[in-house]
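Everything on this sheet refers to the single structure shown next.
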Amino acid sequence: MLKTSPGEPSGARPASLDTTNTALTEAASDDGGAHQAAVASDAVVVVAPSDHWSGQVVEAIVSVGSEGGITVLGGSDNGEFPYLGEISQGVRYQKGGPSLAPGAILLEVQGQRIAGYTQRDVVAWINHCTRNGNPCVIRTAPP
């Protein structure tokens with residue numbers, strides 16, 4: 001808890017914190033403000049969004065016909081995240097949309113997060129969502 005002197009408002013910071021914040025602000029503005037910087041031994045590392053896996057998530061809208069199918073491998077019963085295996089020619093993608101890649105880690109199927117699902121449960125959910133040729137949104141991350 002921050003303590004203030006009797007004449008200061010309850011939300012005021014002690015002067016020692018204000019000078020530290022000013023030093024950090026000045027250090028960050030030296031490089032044009034493009035990146036945040038910390039001047040301390042326990043510095044915070046700022047990761048650019050393009051370097052993080054979440055910036056590489058693919059969202060594909062697929063329809064699976066009677067002759068098509070998506071193979072799912074892994075799953076919690078194998079101690080792994082579920083990931084894509086073979087994708088047959090019968091899988092149709094939304095026009096102009098991205099396609100699924102074998103080996104990609106499955107994150108969501110039709111808005112349902114599937115981390116922790118068994119392989120059998122993932123297959124059952126995909127079959128349910130793509131029944132009768134219905135379009136299904138599948139979100140994946142690169143392996």
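A quick note: this is a predicted structure, and the numbers were derived from the prediction, not measured.
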I'd like to know if the side chain of [X] reaches the main chain of [Y], judged simply by a donor and an acceptor atom lying under 3.5 Å from each other, with no hydrogens or angles considered.
X: Ser76; Y: Gly79; value: no
X: Ser88; Y: Gly69; value: yes
X: Trp125; Y: Val109; value: yes
X: Asn78; Y: Gly75; value: no

Establish whether [X] and [Y] are linked, either directly or via other cluster members, by ILVMFWY side-chain heavy-atom contacts under 4.5 Å.
X: Leu73; Y: Ile126; result: no
X: Tyr93; Y: Val58; result: no
X: Leu84; Y: Val137; result: no

Closest approach of [X] and [Y], non-hydrogen atoms and distance?
X: Val72; Y: Pro82; value: CG1-CB, 4.3 Å
X: Ser63; Y: Pro135; value: OG-CA, 3.6 Å
X: Pro143; Y: Ala104; value: CD-CA, 4.2 Å
X: Gly103; Y: Tyr83; value: O-CB, 4.1 Å

To the nearest 0.5 Å, tell me how far [X] [atom1] sits from [Y] [atom2].
X: Arg139; Y: Gln112; atom1: CZ; atom2: CD; result: 13.0 Å
X: Glu108; Y: Cys136; atom1: CD; atom2: SG; result: 11.0 Å
X: Thr71; Y: Gln119; atom1: OG1; atom2: CD; result: 9.0 Å
X: Ile114; Y: Leu107; atom1: CD1; atom2: CG; result: 7.5 Å
X: Gln110; Y: Ile61; atom1: CD; atom2: CD1; result: 9.0 Å
X: Cys129; Y: Ile138; atom1: SG; atom2: CD1; result: 8.5 Å

Can you tell me if [X] has over 12 outside heavy atoms packed within less than 6.0 Å of its [atom1]?
X: Arg92; atom1: CZ; result: yes
X: Phe81; atom1: CZ; result: no
X: Glu67; atom1: CD; result: yes

Inset, instruction - Might you work through the side chain to side chain contact (heavy atoms under 4.5 Å, CB included) test for Leu106 and Val122, ending with a clear yes or no? - result: CA-CA 9 Å; Leu106 286 163; Val122 174; 4.0 Å; yes
